[in-house]
2 protein chains.
Amino acid sequence: MEAAQSPFPSAQEKRAAREAKRAAVLRAAVQMFNERGFHQTSLDDVAARLGISKPTIYHYLGNKDQVLLECVSIGLGQLIEAAEQSRAREGSGADRLIAFLVRYAEVNMDDFGRCVIRTGDEALAPESRKRFRALKRQIDSDMRGLIAAAVEDGSIPPCDVRLMAFTLAGALNWPARWHDHGGALSSEAVARQMVDILARGFLPR
Amino acid sequence: MEAAQSPFPSAQEKRAAREAKRAAVLRAAVQMFNERGFHQTSLDDVAARLGISKPTIYHYLGNKDQVLLECVSIGLGQLIEAAEQSRAREGSGADRLIAFLVRYAEVNMDDFGRCVIRTGDEALAPESRKRFRALKRQIDSDMRGLIAAAVEDGSIPPCDVRLMAFTLAGALNWPARWHDHGGALSSEAVARQMVDILARGFLPR
DNA sequence: CAAGCAATCTACTCACGCGTAAAATTTTCG
DNA sequence: CGAAAATTTTACGCGTGAGTAGATTGCTTG
């Protein structure tokens, strides 16, 4: 614990405190969604886990649909960020692609990333679903772009980009279902080894 | 329509008719589960689609949990059957593995197979969940067995069997989420092309 | 100090959907 | 035919969980 600040929080601190509470709600919610599933988790459950009451959640997030949308948006945001960082990297197209894939896999084993994979579109209300799908299209497009760029610069042989993207994404999505954070393999190790297996398939011989 | 049988059905025909009705309920249910999601599909919806009433469904299947369990059991049954047939096949271990993978992917794009992938364990009641998990463990074990056999007979190089199985399964599960039966690519084509991509990764160079 | 705003709670409403009771209809068969 | 078994329906009970109303407390600020 830090030394006591002034007991009179600034507007900045005020906003930060509010943001922290909002984040705490999302964290608790996403963990419970991942454990029990979205429909098996009531907002009363989430509130109880945090030692607060349900209306408090409604104070920070409009409704359950919003909670879920926020969770998957965070996860997808991390993936989109990973794509940006990979594109900015130096090296061949294949290098950038591989760096992205490793990070992609890691995110999918994290709380918010797992939620993205485990959440079916149907769980969201129509408007939220549109947003969810748009974000997913975005990372799909990013992945295809990275693959195409690697083909372009000759660091991997030509292939059906669309199907390659689906294959790679599918393989690296799946740990969201089985990987156990308490298990023997760290998510980093799993990510790296799976990408190794996949890279053997698309790198030139 | 066939010419009229005797209007007095035999006990055999009786049982078959009942079985056909039961199957029709499951077919309708699984399709709606895949379209809208399990929790967004009420048994009243399913009944309406069939032009019957909800208690009729309860007459053929005990409850909603049973309906879902039956659906995923059918899908998993098809996968287990595929494993058996592949093992009985001639050729190298790699040949048998590839044949299995193609069939595995195809099943996962079919009604019941898709349901297996899209259904999270949490959706099922505790007892059904156990059964579901046991069946999934079974095909996982089958897949690992086929990989190990291929390594054994030297038709593919050594690898981490567990992680290879997860990688292959993940990639070939994913079409359950995106493949559209109305789309340009048939499920057979998708299966074959994805397995080609993956096989480049594990076959010897 | 009083008005106002933020945060939180208790206590409710309300719809939905699972599952069932019990009756009606049809089929089977002695 | 008439009794019993199978099939299917109408009509309901009932729990659960999303979302809300309104009160309470405490802090901020004119």
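Letters A, B, ... are given to chains in the order of the sequence lines, protein chains preceding strands, and every chain is numbered from 1. All of these numbers come straight from a predicted model, not from anything done at the bench.
A:I52 places its CD1 atom 18 Å from the P atom of C:dA6, with the value rounded to the nearest Å. Computed from coordinates, the B:H39 NE2 to D:dT16 P distance equals 16 Å when rounded to whole Å. B:R22 has its CZ atom 18 Å from the C1' atom of D:dT8, to the nearest Å. Rounded to a whole Å, the CG atom of A:D65 is 18 Å from the P atom of D:dG17. Between the CG atom of B:D45 and the P atom of C:dG17 there is a distance of 7 Å, given to the nearest Å. Atom CG in B:N63 sits roughly 9 Å away from atom C1' in C:dG19 (whole-Å rounding). The NZ-C1' distance, from B:K64 to C:dG17, rounds to 8 Å in whole Å. Per the geometry, CD belonging to A:Q66 stands 10 Å off P belonging to D:dG19, to the nearest Å.
Contact check, B:Y60 against D:dT8: a side-chain N or O comes under 4.0 Å of OP1 or OP2. An OP1 or OP2 oxygen of C:dT8 is reached within less than 4.0 angstrom by no side-chain nitrogen or oxygen of A:H59. Contact annotation: A:R18 reaches the phosphate of C:dA7 (side-chain N/O to OP1 or OP2, under 4.0 Å). At least one side-chain nitrogen or oxygen of A:K21 sits closer than 4.0 Å to the OP1 or OP2 atom of C:dT8.
Where A:Q40 and A:P55 each meet DNA chain D at their nearest nucleotide, the meeting point lying more 5' is that of A:Q40. In this structure, B:D44 and A:S53 both approach DNA chain C, and ranking their closest nucleotides by distance from the 5' end singles out A:S53.
Annotation: the span from B:M109 atom CE to B:N173 atom CG amounts to 10.5 Å, rounded to 0.5 Å.
In this structure, the nucleotide among C:dG19, D:dT9, C:dA7 sitting nearest to the side chain of B:Y58 is C:dG19.
The base of D:dA18 sits within donor-acceptor range of the side chain of A:K54, with an N or O pair under 3.5 Å.
Checking A:E81 against A:Q85 by side-chain atom types alone, a donor-acceptor pair falls below 3.5 Å.
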Evaluate the ring pair (Phe, Tyr, Trp, His ring centres under 6.0 Å) criterion for residues A:F166 and B:W178: first the C-alpha distance (whole Å), next the side-chain angles of each, then the deciding distance (0.1 Å), finally the verdict. CA-CA 9 Å; A:F166 278 137; B:W178 57 264; 3.8 Å; yes
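Nucleic acid contact class of A:S42 (heavy atoms, under 4.0 Å, all strands): sugar-phosphate only.
Test B:D121, B:D65, B:N63 against B:S128 for side-chain hydrogen bond (donor to acceptor under 3.5 Å, both in side chains) and you get one pass: B:D65.
Judged as a side-chain contact (heavy atoms from CB on, under 4.5 Å), and not counting sequence neighbours, the contacts of B:Q40 are A:H39, A:E122, B:R36.
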